[in-house]
Amino acid sequence: MIELEPSYDHKLYEKKWYRHSLEHKFFSASVDASKTPYTILMPPPNVTSQLHMGHGLGYSIQDLFVRWKRMKGFNACWLPGTDHAGIATQMMVEKDLEREGTTRRAMGREKFFQRLVDWKEKYGGMILDQFKTMGFSCDWDKLAYTMDPKLSEAVRYVFVELYREGLIYRGERLVNWDTVLQTAISDDEVESQEIQGILYYYRYPIEGTDQFIPIATTRPETMLGDTAVAVNPEDERFKQLIGKQVRLPFTNRLIPIIADDYVKSEFGTGAVKITPAHDPNDFEIGKRHKLPFINVMTDTGTMAENTPTPFQGLDRFVARKEVIKQMKALGLFDEEKSYKTTVPHSERSKTIIEPRLSQQWFVSMKQLAEPAAEAARQGELQFHPESWKKTYLYWLDNIQDWCISRQLWWGHRIPIWYCKDCEGISTGIEDPTQCEHCQSKNIRQDEDVLDTWFSSWLWPLSPFGWPNEGTSSKQLEYFNPTDVLVTAPEIIFLWVARMVMVNLKFKQRLPFKHVYFNATVCDKQGRKFSKTLGNGIDPLEVVELHGADAVRFTAISLAPLGGRVRMEKEDFENGSRFVNKIWNASRLVFQHLEPNQTLPSLKGLQLSLAEKWLLNRLREATEKVDRHLEGYRVNDAVEELHHFIWGAFCDWGLECAKSDLALPAGHKDKERALSVLVYVLDGALRLAHPVMPFVTEELWQKMPKHPDWGDRPESICIAAFPQAGLMPAYEDEAKQWKTIQDIVSGIRSVRSQMGLPPRQELPVHIRIDEALASTVTQAEEWIKRLAKADKVVSGPEVVRPGQSLSAVGKGFEVYLPVQGLIDVEKEQKRLSTEEQRLQKILSGILGKLNNASFVERAPEDVLEQTRVQKANMEEQLSAIRQNLKALAD
RNA sequence: GGGGUCAUAGCUCAGUUGGUUAGAGCGAUCGCCUCACACGCGAUAGGUCGAUGGUUCGAAUCCAUUUGACCCCACCA
C-alpha cells in the first residue's frame with residue numbers, strides 16, 4: 001500500500017514542492033516560436049510592502065490562470081517585479097530619519113538617495129519571499145524592479161521621445177501641493193473627502209465709498225493673496241459696483257470688482273474673493289481677467305514672507321483663525337456657518353491639498369488618450385466585469401494633462417538640463433555635458449524626479465528589454481501583447497489606462513486584451529481592509545495555520561468578479577477542510593495501491609454503471625471548470641471543483657467502489673475499480689492543481705501512473721490539463737444513475753425521518769418502471785451498501801408489502817417493511833405532507849395547462865415538458881394516496 | 001451634481017440569452033465515532049427573489065417608478 005499520514009500537513013510539502021519547481025525551472029519561459037506564449041504581468045507591489053489579503057486574492061487568481069494555461073501547453077510567463085514607489089518609500093525612510101533626529105535636507109541629496117538604496121536592499125523584496133510561500137508560479141528569471149538600470153533606461157527613453165515630440169512640456173500651473181511631503185502630486189493621487197467646515201462671512205470696504213462688499217469663504221487665509229472680487233454680471237445687487245475697487249484689509253492693496261459668469265448669485269453672498277494662485281477656479285478667472293497671481297504660502301503651508309504680520313510664518317490653519325480674529329477687530333466680520341464641503345486630500349500623507357502655483361512638468365494626454373479610448377470602444381480591449389468600461393472611457397474622454405514632476409529625491413531624476421547662460425533646455429538619452437543650444441558647459445540638471453507611475457506605465461515594455469535591446473527586442477515581440485491583466489479597479493486610471501496609452505504609442509498595439517478586476521477585500525461588516533482599522537487578515541498567518549492551498553482556494557471561492565468580498569479568518573477553515581478531504585479520499589484509494597503499480601487501461605474494461613457515471617461526471621466537471629476559467633469566472637470554476645470532488649467523487653464514487661476495493665489484491669474487479677478511481681483522481685488533481693498546487697502535487701507524485709493519462713512529466717504543474725473532449729462519455733448511464741441516487745436518497749430520508757436506527761439493516765422493496773428495471777437490478781449491491789439494506793427486491797411488479805414505510809419518486813416507489821416498528825400516525829403525517837407538497841405543484845401545472853393561451857402560445861417543447869410533469873406528478877400522487885390508504889387499513 | 005453596482009434562505013452569495021418543483025457553502029436542528037476522513041457521514045427545517053406598476057401564455061430574470069446600501073468621478077466660493 002501507499003502510506004499517507006492520517007491528515008494533510010502542509011508544512012511537510014509546500015516548501016519542498018515549491019523548491020522542486022524552481023530547481024526544474026518549470027515557471028521559466030523563454031522565447032520559443034513553437035509554443036504559444038501566455039503572459040500575465042504581475043502588478044508590481046511596492047518594493048517595501050508586506051503581503052496583504054488584497055495581494056493574496058489578486059495574485060492567487062493570476063496564478064490560477066497561469067498554472068492552468070501552463071498545463072494546457074502554453075508557454076506561460078508570469079512576470080514578477082516590484083515598484084520603487086517614490087512617495088511611499090521616501091516617506092518611510094524620512095520617518096526613520098525623524099526618529100534619528102535628522103532630516104533628508106540635513107543629510108543631503110546623495111546621502112539620502114544612498115540610504116534609500118540601502119534600505120531597499122535590506123527590507124525591500126520581502127514581499128517576493130512571501131509570494132513564494134503562497135506558491136505563486138512566477139518566472140523569477142525575469143524579476144524586474146522599476147529602478148533597475150534597464151528599466152530606468154526605458155523611462156529615460158520615453159521621456160526624451162515624448163519631450164522631443166512636444167508631448168512633455170514644462171509649465172507654471174496650479175498643482176495639487178502636498179504640504180507635508182512638499183511635492184506636487186497628480187490629480188489621480190488626490191482623494192476628495194467630505195468634511196465639516198465653516199463658511200465665513202465678512203466684508204471688504206469699497207474704495208472711495210462707505211460701502212462694503214460681502215464675501216463668503218471657507219479659506220479666509222487665502223485672502224492675503226486676493227487679486228479681485230467677482231460677481232455675476234446679471235446680479236442686480238452688485239451691478240453698479242463692477243469696475244469699482246476694494247481696499248484689501250491688511251495688505252492695503254486695491255483690487256478690482258469684476259464680473260464673471262462663473263459666480264452664482266444664489267450661493268453665499270453672491271460675491272467671491274478671487275485668489276488666482278490658490279484656487280483652481282480663481283486661477284481660471286485670473287487668466288480670463290489678466291489678474292496678478294500672488295502666492296502667499298511656502299512649501300510647507302505656512303504664510304510666506306510677502307504676507308504682513310501677524311500672519312507671516314503662521315501655519316495655514318492657524319492663519320485662518322488669525323485672519324478671522326483680525327477681521328473681527330476691524331469690524332469687518334459678519335458671521336460663520338457650519339458647512340459641509342468636500343476637500344481634496346493627499347492619498348499618501350492624508351493632509352489637505354493646497355492648490356499652489358508652480359513650475360512643473362506635464363504630459364499632454366489628449367493625443368495619447370484617444371487611441372486608448374478607441375480600443376475599448378471597438379471592443380478590442382475588454383474589461384471583466386464590463387461595467388468598468390464606462391468609467392475608463394469617461395476618464396479618457398475628459399482627460400487632463402498629467403503632472404509628472406515630483407519634488408522628491410527618490411525616483412528617476414528628470415533628464416532635463418537648464419543652461420545658465422542661454423536659459424535653453426537640453427535633454428538626451430546620455431547625460432549632456434553642454435547646452436545643446438549655446439554649447440555652454442554651465443548647465444544644471446532639474447532637481448525633480450518623475451512620478452512613480454511614469455515608470456510603472458512601462459511595465460508591459462521595459463521588463464522585456466525594451467528599448468535598449470532594440471525597440472522590438474525578441475522577448476518583447478514574443479511576450480507583448482500580454483494576455484490578461486488582473487488588478488484592482490482603484491488603479492484603472494493611475495496604471496491600467498496609462499499602460500494602454502504608452503503601449504499603443506510606442507508599439508501601436510494593446511499591452512493586453514483583457515483586464516480582470518478582482519474584488520476588494522473587506523471584513524464582515526463590509527469595511528475595506530486597512531492598516532489603520534486593523535481589520536485585515538494577514539495571509540501569512542493564515543497560511544501558517546491552514547496552508548497556502550487552503551488560503552488560495554478559500555480566497556478564490558469567496559471572490560465574485562469585481563465588487564467586494566467579505567471575509568474573516570474562520571472562512572479559511574473551509575479551504576482547509578477541502579484540502580484535507582482530498583487528502584483522505586486519496587488515502588482510501590492509496591491503501592489499495594502499491595507504488596508504481598501497473599493499472600489496466602479503461603479501454604476494454606467492463607465498467608459498472610456507477611463507474612460510468614463517475615467518469616461522465618469527471619468529464620462534465622472538466623468541461624465546466626474549463627468553461628468558467630475561459631469566461632473569467634474563477635469562483636464558479638473553483639466551486640465546480642469542490643462540488644465534483646466532494647459531492648460526486650467522495651460521496652458517491654468512493655462509496656460505491658468500497659465493495660470492490662474490499663476484494664483481495666489482484667482480483668479483476670478490484671483492478672478495474674482501482675483503474676477507474678486512479679484515472680478519476682488523477683483528473684481531479686489536475687483540475688485542482690491551478691488552485692491548490694501543493695496538495696495536488698504531493699498526491700500526484702505518490703500515485704501510480706495511469707495508462708490513459710499518457711506520459712507522466714516530473715511535475716503535475718506541467719502535466720496536461722484534462723480535456724473534456726478526450727474523455728469517455730456516458731450520458732445515458734449518467735441519467736440512469738440519477739434514479740439510483742434518488743432511490744437511495746428516498747430510503748435514507750424515510751429511515752432518518754422515521755427514526756430507524758442507522759445501523760439496522762432492513763429489506764427494501766422497489767417498484768420500478770419497466771424501462772429502468774434492469775438498471776435497478778444491476779444496482780442492488782450499491783443500494784444495499786448506501787442505504788443499509790440487507791435485501792433488495794426490485795422489479796416492475798413489486799407491490800407494497802403489508803406494514804411498510806414508503807417513499808415515491810420519478811418512476812419508482814420504495815417500501816421498507818417494518819412489522820411492529822411502524823408508527824402509523826407519524827408515517828401518515830409524513831405522507832400527507834408529501835402529498836400536499838406534490839398536490840401544490842400539480843395545481844400549478846394544471847393551472848398552466850388549463851390556460852388556453854399558454855397551450856396556444858408556449859413553444860412545443862415547453863408544452864411537452866409540462867405534460868410530462870403532469871403525468872409524473874399524478875403518478876406519484878396516486879402512489880402516495882394508495883400508501884396512505886393501505887396504512888389506514 | 002454626473003456615472004456605476006447591488007438588494008434572492010439567519011449569514012455570504014449563485015441563478016449566463018424569460019420556461020421543469022429558485023440552488024450552493026456556512027450556520028441551525030435531528031440522528032450517527034459506519035473499517036479514507038467527527039476537518040467526518042446521513043437527514044431536516046428555512047425564501048410571497050427590496051416595494052409598486054407594466055410587458056408576456058409565462059418574470060428572480062425585461063421595462064418604468066420607488067426605497068435602501070455601496071463604489072467611482074466632479075472646481076460651487
Side-chain angles (χ1 to χ4, degrees), chain A residues 4 6-8 192 199 215-219 222 230 262-264 266-275 279-284 339 341-342 344 355 385 387-388 390-391 394-395 398 489-490 492-493 520 524 526 546 557-558 560 562-567 570-571 573-574 576-591 627 631 633 635-636 639 642-643 647 650-651 654-655 658 661-662 745 748-753 755-759 785-788 837-838 840-842 844-845 848 851-859 861-863 865-866 868-869 872-873:
Chain A
L4 286 186
S7 67
Y8 177 66
S192 315
L199 189 57
I215 302 288
T217 180
T218 51
R219 294 158 66 212
T222 61
Y262 161 76
V263 182
K264 302 211 167 33
E266 61 290 353
F267 188 87
T269 62
V272 190
K273 63 190 268 313
I274 301 298
T275 324
D279 182 276
N281 294 310
D282 295 6
F283 180 77
E284 293 304 320
Y339 179 67
T341 181
T342 50
S387 49
W388 289 106
K390 271 203 166 172
T391 310
Y394 182 85
W395 186 74
N398 296 280
E490 289 101 83
I492 187 165
F493 311 135
T520 312
K524 283 285 163 180
H546 299 298
S557 66
L558 286 175
R564 57 177 54 208
V565 49
R566 295 160 200 253
M567 55 171 80
E570 289 68 33
D571 291 330
E573 290 167 13
N574 263 321
S576 178
R577 283 207 297 268
F578 185 39
V579 171
N580 202 243
K581 185 74 178 176
I582 296 175
W583 184 260
N584 278 302
S586 307
R587 209 164 143 239
L588 170 62
V589 180
F590 285 16
Q591 272 178 12
R627 179 157 46 84
R633 305 188 55 121
N635 58 329
D636 289 340
E639 193 191 300
H642 182 262
H643 215 98
C650 294
D651 290 349
L654 291 179
E655 290 305 325
K658 277 180 178 172
L661 290 183
S745 298
R748 284 170 171 176
S749 179
V750 173
R751 294 182 59 122
S752 178
Q753 285 187 60
L756 297 175
R759 303 254 220 133
R785 161 169 279 282
L786 298 172
K788 277 275 176 219
R837 191 179 72 87
L838 296 182
K840 220 174 120 189
I841 296 166
L842 181 62
I845 295 171
K848 277 188 194 177
N851 180 341
S853 38
F854 173 76
V855 178
E856 203 176 304
R857 303 205 190 184
D861 59 326
V862 173
L863 199 58
Q865 238 173 40
T866 315
V868 169
Q869 271 172 54
N872 198 285
M873 278 303 129

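Each chain gets a letter, A, B and so on, in the order its sequence line appears, and its residues count up from 1.
Each of A/I845 and A/D636 was matched to the nucleotide of RNA chain B holding its nearest heavy atom; the match closer to the 5' end belongs to A/D636. Comparing A/S7 and A/F493 along RNA chain B, the residue whose closest nucleotide (by nearest heavy atom) sits nearer the 5' end is A/S7.
When the C1' atom is compared between B/rC49 and B/rA60, the two are found 5 Å apart, to the nearest whole Å. Atom C1' of B/rC71 sits at a distance of 24 Å from the matching atom of B/rU61, rounded to the whole Å. Between B/rA59 and B/rG18, the distance separating the two P atoms is 13 Å to the nearest Å. Between B/rA45 and B/rA24, the two P atoms lie 12 Å apart (nearest whole Å). Comparing the P positions of B/rU21 and B/rC26 gives an interatomic distance of 28 Å, to the nearest angstrom. Separation of the P atoms belonging to B/rC37 and B/rC6 is 45 Å when rounded to the nearest angstrom. If you take atom C1' in B/rG23 and the same atom in B/rC62, they sit 22 Å apart, rounded to whole Å. Across B/rG3 and B/rU65, the matching P atoms stand 12 Å from one another, rounded to whole Å.
Residue A/P859 is in base contact, counting any heavy-atom pair closer than 4.0 Å across all strands shown. Across all strands, A/D651 comes closer than 4.0 Å only to sugar-phosphate atoms, never to a base (heavy-atom distances). Within the 4.0 angstrom heavy-atom criterion, only backbone atoms of the sugar-phosphate kind lie near A/T217; the bases stay farther away. Across all strands, A/Y394 comes closer than 4.0 Å only to sugar-phosphate atoms, never to a base (heavy-atom distances). Across all strands shown, A/M567 has no heavy atoms under 4.0 Å from either base or sugar-phosphate atoms. Residue A/T866 is classed as having no contact, given no heavy-atom separation below 4.0 Å to the nucleic acid. In this structure, A/N851 reaches the sugar-phosphate backbone alone: every heavy-atom distance under 4.0 Å involves primed, P, OP1 or OP2 atoms, never a base. Residue contacts shown for A/V263 include a base, since a base heavy atom lies under 4.0 Å away. Backbone-only contact: A/Q591 has heavy atoms under 4.0 Å from sugar-phosphate atoms and none from a base.
With rounding to whole Å, A/L558 atom CG is found 14 Å from B/rG25 atom P. Counting to the nearest Å, the C1' atom of B/rG25 and the CG atom of A/N635 are 12 Å from each other. Distance CG (A/N398) to C1' (B/rC73): 9 Å, rounded to an integer number of Å. Across the protein-nucleic acid pair, A/D571 atom CG and B/rA24 atom C1' stand 15 Å apart, rounded to whole Å. For A/R785 and B/rG42, the CZ to P distance is 13 Å, given to the nearest whole Å. Distance, A/K581 NZ to B/rC39 P: 12 Å, rounded to whole Å. For the pair A/R633 CZ and B/rU16 P, the computed distance is 9 Å after rounding to whole Å. Atom-to-atom, CZ of A/F578 to P of B/rA24 comes out at 17 Å; the value is rounded to the nearest Å.
Residue A/K788 places no side-chain N or O under 4.0 Å from the OP1 or OP2 atom of B/rG31. Between B/rC13 and A/R566, a contact under 4.0 Å exists linking OP1 or OP2 to a side-chain N or O. Taking 4.0 angstrom as the limit, A/K264 places none of its side-chain polar atoms (N or O) nearer than this to OP1 or OP2 of B/rC76. Distances shorter than 4.0 Å separate some side-chain N or O of A/S749 from OP1 or OP2 on B/rU44. For B/rA36, one of the phosphate oxygens OP1 or OP2 lies less than 4.0 angstrom from a side-chain nitrogen or oxygen of A/K658. The phosphate of B/rG58 (OP1 or OP2) has no side-chain N or O of A/S853 nearer than 4.0 angstrom. Put simply, A/S557 has no side-chain N or O that comes within less than 4.0 Å of OP1 or OP2 on B/rC26. Distances shorter than 4.0 Å separate none of the side-chain N or O atoms of A/R759 from OP1 or OP2 on B/rC35. Dashed line: the shortest gap from a side-chain N or O of A/Y339 to OP1 or OP2 of B/rA77 is under 4.0 Å.
Applying the Watson-Crick and G-U wobble criteria (two distances, each under 3.5 Å), B/rG40 pairs with B/rC32. Using Watson-Crick or G-U wobble geometry with both donor-acceptor distances under 3.5 Å, B/rC62 finds its partner in B/rG54. Pairing of B/rA45, defined by two Watson-Crick or G-U wobble distances under 3.5 Å, is not identified with any nucleotide. Checking B/rC13 for Watson-Crick or G-U wobble geometry (two distances, each under 3.5 Å) identifies B/rG23 as its partner. Using Watson-Crick or G-U wobble geometry with both donor-acceptor distances under 3.5 Å, B/rC75 finds no partner in any strand shown.
Of the candidates B/rC39, B/rU20, B/rA24, the closest approach to any side-chain atom of A/H643 belongs to B/rA24. Out of B/rU44, B/rG25, B/rC39, the shortest distance to the side chain of A/N574 is found at B/rG25. Comparing B/rU21, B/rA36, B/rU5 against the side chain of A/S387 picks out B/rU5 as the nearest. When the nucleotides B/rC39, B/rA36, B/rU44 are ranked by their closest atom to the side chain of A/Q753, B/rU44 comes out on top. With B/rA43, B/rU21, B/rA74 as the candidates, the nucleotide lying closest to the side chain of A/S745 is B/rA43. Residue A/T391 has its side chain nearest to B/rC72 when only B/rC37, B/rA74, B/rC72 are considered. Side chain of A/N281, nearest nucleotide from B/rG42, B/rU21, B/rC75: B/rC75. The nucleotide whose nearest atom lies closest to any side-chain atom of A/P758 is, among B/rA43, B/rA36, B/rG31, B/rG31. In the set B/rC73, B/rA43, B/rC70, B/rA43 carries the atom at the smallest distance from any side-chain atom of A/R748. Residue A/Q865 has its side chain nearest to B/rU20 when only B/rU20, B/rA77, B/rG25 are considered.
Although no hydrogens or angles enter the test, the distance criterion places no donor-acceptor pair under 3.5 Å between the side chain of A/N872 and the main chain of A/V868. For the pair A/R587 (side chain) and A/S7 (backbone), a donor-acceptor distance under 3.5 Å is absent. In this structure, the side chain of A/S749 does not engage the main chain of A/S745 through any donor-acceptor pair within 3.5 Å. Not one N or O on the side chain of A/R219 forms a donor-acceptor pair closer than 3.5 Å with the backbone of A/D279.
In this structure, A/T222 and A/K273 have side chains that are in contact, with non-hydrogen atoms separated by less than 4.5 Å. Side-chain contact between A/K581 and A/C650: present, with at least one pair of heavy atoms (C-beta onward) separated by less than 4.5 Å.
Counting all heavy atoms, side chain and backbone alike, A/R751 lies closest to A/P758 at NH2-O, 3.4 Å.
The base of B/rA36 sits within donor-acceptor range of the side chain of A/E655, with an N or O pair under 3.5 Å.
Using bins of under 30°, 30° to 60° and over 60° for the plane-to-plane angle, the ring pair A/F493/A/W395 lands in the parallel bin.
Here the CG-OG1 distance, from A/L199 to A/T341, works out to 9.0 Å after rounding to the nearest 0.5 Å.
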message: Under the criterion side chain to side chain donor-acceptor pair (under 3.5 Å), I'd like the reasoning laid out for A/R577 against A/N574: C-alpha separation, chi angles, the key distance, then a yes or no.
response: CA-CA 5 Å; A/R577 283 207 297 268; A/N574 263 321; 3.3 Å; yes
